[in-house]
Each structure stands twice: as C-alpha cells, then as structure tokens.
Amino acid sequence: DVLCCTASIWNVTAIALDRYWSITRHLEYTLRIRRRISNIMIALTWALSAFISLAPLLFGWGETYSEDSEECQVSQEPSYTIFSTFGAFYLPLCVVLFVYWKIYKAAKFRIGSQKSNSITPIAPEALEVKEAAPQPQMVFTVRHATVTFQTDGDTWREQKEKKAALMVGILIGVFVLCWIPFFITELINPLCSCDIPPIWKSIFLWLGYSNSFFNPLIYTAFNKNYNNAFRNLFFRQ
C-alpha cells in the first residue's frame with residue numbers, strides 16, 4: 001500500500017518535471033535525452049518508494065504487526081510518520097508546485113515577449129532597393145506593395161505548450177485535493193494523539209486512492225499519445 005501510493009505520487013512529480021523540461025528546454029530536450037532521463041526518473045521513483053515503505057522492516061522503525069489485533073499496519077512511530085509523510089507527499093508536493101510556478105513564469109514571459117514585438121507597416125508607396133556592388137548597379141522598384149504579418153495566432157508549438165501546462169496544472173490540482181486531507185491527518189494523528197473517527201480516515205484514504213483513477217483520465221483528455229494508446233487498448237483495429 002505504501003509502496004504503490006508513494007510511487008504513484010512520485011510519478012506525478014516525474015511527469016511534471018518532464019513537462020517542464022519539454023517546455024523550457026525543447027531544443028536541448030531531444031527524444032534520446034528524454035528517454036534516458038525518463039528511465040532514470042522511473043528507476044529513482046521506485047527505489048525511493050521501496051526505501052520509504054520498507055524502512056520499518058529494514059531498520060526496525062516501529063512495530064508493523066499488532067499481536068493483539070493480529071493485523072499488519074503502517075508503523076505509527078512518530079519519527080517514521082514524519083519521515084514517510086514528508087518523503088511520500090510533502091517533498092514531491094513542493095517539487096510539483098515549484099515546477100508549475102516555473103512553467104507559469106516561462107509561459108508568461110513568452111506571452112509578454114510576443115506582445116512587445118511590434119511591426120511597423122510599410123506605406124503602399126514606391127520602394128526602391130539598391131544593391132551596392134562594384135559592377136553595374138542593380139535597382140529594384142516595387143510599387144503599391146504591402147507585406148502583412150500574422151502575429152495574433154499561436155503557433156503549433158505554443159498551442160502544444162499551453163495544453164501541456166494546462167494538463168500539469170490540472171494534474172497537480174487534483175493530486176493536492178485528493179491527497180492533502182489524508183497526509184495532514186497522518187502527520188497530526190501520531191504527534192498530537194488526536195482521535196479521528198475511523199469513517200473519516202477511510203474517506204481520506206479512499207480519496208487519496210481515487211487520485212490514481214483520475215490521473216489516466218487527465219492524461220487521456222490532454223495527451224494525444226495516451227488517448228491513442230487507450231483507444232487501441234479497448235478498441236483494437
């Protein structure tokens with residue numbers, strides 16, 4: 001349970017980082033580099049998740065089996081609770097919020113730079129262009145010519161970047177709404193010995209689980225590759 005939930009949260013972080021690099025460094029972030037970095041992030045995600053989930057068993061960090069109730073449970077040792085909640089939620093939360101803030105700044109800077117670029121129209125009058133050359137002089141005459149530039153519409157890459165930034169924003173928003181109630185109660189409960197009703201614990205836990213249900217829907221709605229992959233999975237042609 002801890003392993004899979006932690007891996008799910010860190011995968012959201014990895015996707016946010018991937019979107020950030022693809023938007024801000026699209027020239028250097030080639031397909032080859034992206035594949036290598038993606039493999040590294042996947043390996044680190046599962047290694048870190050395994051370390052967080054197995055720490056009580058590896059280092060004897062609090063009891064994980066209750067003989068009285070004959071059940072296994074997540075270690076309630078306060079020090080492990082702080083370590084696991086920060087490693088599984090609060091640290092990746094800080095990373096994704098910082099990344100999305102950087103994405104927002106990059107998008108805002110690009111929009112501002114586009115607005116500052118102005119084009120002065122040329123009056124439809126005769127225009128002479130002379131080319132300086134040692135040999136016979138060449139003279140070009142253009143009469144009643146008007147050159148227009150399309151600056152209002154977004155390019156294909158700009159539209160793609162906006163869609164990617166929107167996807168990351170919705171992904172992070174849903175991630176925070178789903179998981180923050182659970183991790184707040186998980187952090188507060190062992191430290192202050194608060195008695196939270198079991199029904200609310202269950203609601204907060206299943207709300208966190210629902211994040212893994214929403215993520216594929218968000219990817220499918222905003223990413224054409226995911227959309228095509230799910231379509232081929234369920235409707236093979």
Side-chain angles (χ1 to χ4, degrees), residues 1-21 23-24 37-38 40-64 72-106 164-216 218-219:
D1 177 54
V2 177
L3 172 69
C4 292
C5 288
T6 306
S8 175
I9 293 170
W10 275 105
N11 271 298
V12 172
T13 309
I15 290 171
L17 286 170
D18 176 72
R19 293 290 84 194
Y20 168 66
W21 289 324
I23 289 174
T24 59
I37 293 177
S38 296
I40 293 172
M41 287 197 296
I42 290 170
L44 288 176
T45 291
W46 285 99
L48 180 61
S49 302
F51 178 73
I52 292 173
S53 61
L54 296 175
L57 297 176
L58 295 174
F59 308 111
W61 207 341
E63 295 294 330
T64 57
C72 293
Q73 61 182 3
V74 178
S75 174
Q76 298 299 305
E77 185 74 24
S79 57
Y80 175 73
T81 300
I82 295 172
F83 166 76
S84 61
T85 54
F86 271 86
F89 179 73
Y90 292 107
L91 179 59
L93 175 63
C94 293
V95 173
V96 295
L97 291 179
F98 175 76
V99 165
Y100 192 65
W101 175 67
K102 296 289 285 185
I103 291 175
Y104 172 76
K105 280 189 66 178
L166 180 62
M167 186 197 82
V168 174
I170 295 176
L171 194 70
I172 293 171
V174 173
F175 159 69
V176 172
L177 291 175
C178 289
W179 277 115
I180 202 165
F182 171 77
F183 278 100
I184 287 177
T185 55
E186 279 294 297
L187 184 61
I188 292 175
N189 193 33
L191 298 178
C192 68
S193 301
C194 301
D195 187 17
I196 299 174
I199 183 65
W200 283 107
K201 286 185 178 180
S202 182
I203 290 173
F204 293 155
L205 180 61
W206 280 96
L207 182 63
Y209 286 160
S210 69
N211 183 238
S212 297
F213 167 76
F214 291 124
N215 284 344
I218 297 171
Y219 303 150

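What you see is a predicted model, and the numbers here were worked out from it, not measured in a lab.
Every residue was checked against the side chain to side chain donor-acceptor pair (under 3.5 Å) condition with Tyr90, not counting sequence neighbours, and none meets it. With sequence neighbours left out, Tyr100 forms a ring pair (Phe, Tyr, Trp, His ring centres under 6.0 Å) with no residue at all. Scored by the side-chain contact (heavy atoms from CB on, under 4.5 Å) test, Phe59 finds Phe51, Ala55 as partners (sequence neighbours excluded). In this structure Ser38 satisfies the side chain to side chain donor-acceptor pair (under 3.5 Å) test with no other residue, sequence neighbours excluded. For Asn11, the side chain to side chain donor-acceptor pair (under 3.5 Å) test picks out no residue, with sequence neighbours left out. Residues that satisfy the side-chain contact (heavy atoms from CB on, under 4.5 Å) test with Leu3, not counting sequence neighbours, are Trp46, Ser49, Ala50, Ser53. With sequence neighbours left out, the side-chain contact (heavy atoms from CB on, under 4.5 Å) criterion links Leu44 to Ile40. Under the rule for a side chain to side chain donor-acceptor pair (under 3.5 Å), the partners of Ser8 that lie at least two apart in sequence or sit in another chain are Ser212. Partners of Leu205 under the side-chain contact (heavy atoms from CB on, under 4.5 Å) rule, at least two apart in sequence or in another chain, are Phe182, Tyr209.
A distance of 8.5 Å separates CE in Met41 from CD1 in Ile15, rounded to the nearest 0.5 Å. To the nearest 0.5 Å, the span separating CG on Leu93 from CD1 on Ile180 amounts to 6.0 Å. In this structure, CD1 in Ile9 is found 5.0 Å from CH2 in Trp179, a value given to the nearest 0.5 Å. Going from atom CD1 of Ile196 over to atom OG1 of Thr185 covers 5.0 Å, rounded to the nearest 0.5 Å. Here the CG atom belonging to Asn211 is positioned 9.5 Å from the CG atom belonging to Leu177, to the nearest 0.5 angstrom. One distance of note links CZ of Arg19 with CG of Leu166; it measures 12.5 Å at 0.5 Å rounding.
In this structure a side-chain-to-backbone donor-acceptor pair under 3.5 Å is missing from Trp206 to Lys201. Counting only distance, with no hydrogens or angles, the side chain of Thr85 and the backbone of Thr81 share a donor-acceptor pair below 3.5 Å.
Looking at heavy atoms from C-beta onward, Thr6 lies out of side-chain contact with Leu48 at the 4.5 angstrom threshold. Here the side chains of Leu17 and Trp21 are in contact, with some heavy-atom distance below 4.5 Å. Leu207 places a side-chain heavy atom less than 4.5 Å from the side chain of Pro181. Considering only heavy atoms from C-beta on, Ile82 comes within 4.5 Å of Phe86 through its side chain.
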Exercise for review: Dump the intermediate steps for ring pair (Phe, Tyr, Trp, His ring centres under 6.0 Å) on Phe175 and Phe89, then the final yes or no.
Suggested key: CA-CA 10 Å; Phe175 159 69; Phe89 179 73; 5.6 Å; yes
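Checked against the 6.0 Å centroid criterion, the rings of Tyr20 and Phe98 do not qualify as a close aromatic pair.
Minimum heavy-atom separation, Leu97 to Ile172: CD2-CG2, 4.1 Å. A pairwise comparison of heavy atoms in Gly87 and Pro92 identifies O-CD, 3.7 Å as the closest pair. Contact detail for Ala88 and Trp10: the closest heavy-atom pair is CA-NE1, 4.4 Å.
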